[in-house]
K.L.:
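Below is a structure I'd like to ask you about.
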Protein chains: 2
Amino acid sequence: MPPSHGRTRLVDVAALAGVSTATVSRVLNGKGTIAPETRQSVLAALDTLGYERPSAPASSAGLVGLVVPELTNPVFPAMAQTVETLLAQSGYTPLLCTQSPGSTTEDEYIETLVERGVAGIVFVSGLHADTTAGRERYLRLQERGVPFVLVGGHAPEVDVPQVSPDDAEAVRLAVRHLVSQGHRRIGLAIGPERFVPARRKRAAFLAALVEHGLAADEAGAASHVVSGLYTVEGGRAAAAELLDAGHTGLVCGSDLMALGAVRAARSRGLRVPDDVSVVGYDDSPLMAFTDPPLTTVRQPVQTVCRAAVGALLTEIRGERAPRSELLVEPELVVRGSTGAAPAGAPPPAPEPTSPSTPPPAEGEA
Amino acid sequence: MPPSHGRTRLVDVAALAGVSTATVSRVLNGKGTIAPETRQSVLAALDTLGYERPSAPASSAGLVGLVVPELTNPVFPAMAQTVETLLAQSGYTPLLCTQSPGSTTEDEYIETLVERGVAGIVFVSGLHADTTAGRERYLRLQERGVPFVLVGGHAPEVDVPQVSPDDAEAVRLAVRHLVSQGHRRIGLAIGPERFVPARRKRAAFLAALVEHGLAADEAGAASHVVSGLYTVEGGRAAAAELLDAGHTGLVCGSDLMALGAVRAARSRGLRVPDDVSVVGYDDSPLMAFTDPPLTTVRQPVQTVCRAAVGALLTEIRGERAPRSELLVEPELVVRGSTGAAPAGAPPPAPEPTSPSTPPPAEGEA
């Protein structure tokens, strides 16, 4: 709070926190008894309005490391913020370890954190999600007695709590949505297959095509899947292949891939959603602001992070959290990138370099 | 690299790194002499393609803390990734300390990092950028002999290297662009005035309005500035005030505020850019994908981060980096949210709840 915190500022903070100005004063002066949640609301309101907090001795219960693969996909900053808030509310100081090509590796971070006496580690989409990566790093970490949890991937060989969004259900939601809009040529643009979430999405996709009568069997359905990198460019390349093969509905492995798929469609002169429907995955921040606003399957970030932090704190206390993998239900968020399938057979793919206007979609629902 | 790294994978990695497969083999096997930059390219290619790196002993030159205010504004994850890559290339292990409302504070992070024997700290838009926040935390850190640099804000009382984007130039670029498109009613939607960047942008904006003959003097120009929070909602509220006063060109303090300004215009039935032009600030990731693609002033993230890390490493070596504040030039990126000013007087502001279609803009250039 600035030097002379006048009446007005107290009122602003109290209004935002939903408490009385007297309560705000008690928190600022550190006097009186205040319920922890109330105190937390007032501190959050101070932070939101950009005022300094009352000075208080830093009494951290310890460090907790949070290892994420990168920050380019906006879902990872969102998860990092959520986990950090939860850890801080439990008295822990979070340290975020992020990677980028050519930067510090997961193993280097593990060493650094363990050397610094970390109380526990949350791994989000770490090497545990890569089926070709060794598990020794995690087994060694267990031997050293460091509690940790694995998020967004599954390594059954490692005996620790594991939490993931339900990737299979995410794909089922997306396919069902496209089928209900009349799409019959549905393709999946997905990340590299050695990653657990991509593998799970692929398996669910093959089963869903068969279930909806869009493929005779799973072997036949496999031709509707293209793998690429989890980036805008990766999505664009994978979508280009699927569009060339006449698909009108594209299910993507991430929102960034979906944005690339929209670009691939437009570079062929196809309109989204009139000619091609695109479904993303993550519902990362700002996806309501894209052109068109992206229909996507929302990762249950809050629920996943709460479950992961809860399990980690249980383990840190020396108790045993459940070991069966916790799968959290995602939800479909319908925005503007999906619509009724175009009438008739999809137009043959035009030359990528000469965008032509396809015939207007007819018979929309 | 997965267990049996076949010929194909070597070829992929070599192609991406722009080196021969023999060089990739040498890096993987740790044999032969390889220039550090070449090794770095190969490691980056392995990371990008998602292969595991060759195991190597972690030999960190030490920890460096990176304190950022939050990760919701996508420019902060982008800066964090850039700083981390630069630190890792210099052999340091970066630890990212981010804040969110109700979470760990800057002071708590400072204590944690110093207790863990950090080699140095980079503060990005920290409390040094808040003119109402005390400087003791930084002076105390200096007494304790911890090298640090301040980025994105200016605290002349603190005798350390300081680097910022040139906020004044950013606003001049935006105003000049709008004036060249015929706008005469230009408003500024900016963050809270106690922050150095907002203060600098405001001062430059007042001077620019006078310079372009859009206000008689700076006191008169002040009515064209509205402060709000640095968020989509804050931008929407500030823009609503400016639109009610008949402004057709809006300069915003961040891309998120600009997205809010677009929403404010549309909720009044105004079209962007036909009726209202909006300029953002940051050019954070994904702004080319928004509706409309956002015209914005790009923060020189790479240059700012390189200068900051360079100065920090100099200080860590015990040498003295220059103390005069380094201001880095931003650049204007013109996309789809700005266009020619609408002809004639701006339409009176309609009721916010009943979006009406304003008359089509005439006489566009």
Side-chain angles (χ1 to χ4, degrees), chain A residues 2-3 40-41 43-45 47-53 55 58 60 63 70-72 74 76-78 80-81 84-85 87-89 93-105 107-109 111-112 116 127 130 132-134 192 194-195 229 232 259 262 285-286 289-293, chain B residues 2-3 40-41 43-45 47-53 55 58 60 63 70-72 74 76-78 80-81 84-85 87-89 93-105 107-109 111-112 116 127 130 132-134 192 194-195 229 232 259 262 285-286 289-293:
Chain A
Q40 194 58 42
S41 311
L43 293 180
D47 291 350
T48 301
L49 294 172
Y51 294 125
E52 268 194 277
R53 292 192 189 184
S55 55
S60 173
L63 289 186
E70 41 114 343
L71 296 176
T72 306
F76 292 123
Q81 293 256 99
E84 298 200 329
T85 301
L87 287 171
Q89 285 171 359
T93 301
L95 285 180
L96 181 53
C97 303
T98 78
Q99 300 160 69
S100 55
S103 176
T104 312
T105 63
D107 290 337
E108 288 164 0
Y109 276 126
E111 279 313 306
T112 299
R116 262 69 185 185
L127 286 168
D130 183 343
T132 66
R194 65 180 182 285
F195 295 115
L229 293 179
V232 171
L259 294 179
V262 170
L286 301 187
F289 295 91
T290 58
D291 176 25
Chain B
Q40 194 58 42
S41 312
L43 294 180
D47 291 349
T48 301
L49 294 171
Y51 294 126
E52 267 194 277
R53 292 193 189 183
S55 55
S60 173
L63 289 186
E70 41 114 342
L71 296 176
T72 306
F76 292 122
Q81 293 257 100
E84 297 199 332
T85 302
L87 287 170
Q89 285 171 359
T93 301
L95 285 180
L96 182 53
C97 304
T98 78
Q99 302 162 65
S100 56
S103 176
T104 312
T105 64
D107 290 336
E108 287 164 1
Y109 276 125
E111 279 314 305
T112 299
R116 262 67 185 187
L127 286 169
D130 184 343
T132 65
R194 66 180 182 283
F195 294 115
L229 293 179
V232 171
L259 294 178
V262 171
L286 301 186
F289 294 91
T290 57
D291 178 24

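Quick note on labels: first sequence line is chain A, next is B, and so on, each numbered from 1.
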K.L.:
For Ala45(A), is it the side chain, the backbone, both or neither that has a heavy atom under 4.5 Å from a heavy atom of chain B?
P.N.:
neither
K.L.:
Quick check on the interface: out of Pro285(B), Pro292(B), Pro94(B), who has the most heavy-atom pairs with chain A under 4.5 Å?
P.N.:
Pro94(B)
K.L.:
Within the 4.5 Å heavy-atom criterion, are Leu96(B) and Leu71(A) side-chain neighbours or not?
P.N.:
yes
K.L.:
Output the distance between atom CD (Glu70(A)) and atom CG (Asp47(B)), rounded to the nearest 0.5 Å.
P.N.:
11.5 Å
K.L.:
Under a 4.5 Å heavy-atom cut-off, does chain B meet the side chain of Pro74(A), its backbone, both or neither?
P.N.:
side chain
K.L.:
So which part of Leu229(B) gets closer than 4.5 Å to some heavy atom of chain A, the side chain, the backbone, both or neither?
P.N.:
side chain
K.L.:
So which atom in Gln81(B) and which in Thr98(A) form the shortest heavy-atom distance, rounded to 0.1 Å?
P.N.:
OE1-OG1, 3.8 Å
K.L.:
Could you look at Thr72(B) and say if it's the side chain, the backbone, both or neither that has a heavy atom under 4.5 Å from chain A?
P.N.:
both
K.L.:
Please name the pair of heavy atoms, one in Cys97(A) and one in Leu95(B), separated by the smallest distance, quoted to 0.1 Å.
P.N.:
SG-CD2, 3.8 Å
K.L.:
What residue, out of Tyr109(B), Phe195(B), Phe76(B), has the most heavy-atom pairs lying under 4.5 Å from chain A?
P.N.:
Tyr109(B)
K.L.:
Taking atom OG1 of Thr104(B) and atom CG of Leu87(A), what is their separation to the nearest 0.5 Å?
P.N.:
8.0 Å
K.L.:
Under 3.5 Å, is there a donor-acceptor pair linking the side chains of Thr85(A) and Ser103(B)?
P.N.:
no
K.L.:
Should Thr112(A) and Leu63(B) count as side-chain neighbours, where that means a heavy-atom distance under 4.5 Å?
P.N.:
yes
K.L.:
Could you tell me which portion of Thr105(A) (side chain, backbone, both or neither) has an atom closer than 4.5 angstrom to a non-hydrogen atom of chain B?
P.N.:
side chain
K.L.:
Picking from Glu84(A), Gln89(A), Gln99(A), which has the most non-hydrogen pairs under 4.5 angstrom with chain B?
P.N.:
Glu84(A)
K.L.:
Could you point out which residue of Val232(B), Asp291(B), Leu286(B), Val262(B) forms a side chain to side chain contact (heavy atoms under 4.5 Å, CB included) with Phe289(A)?
P.N.:
Val232(B)
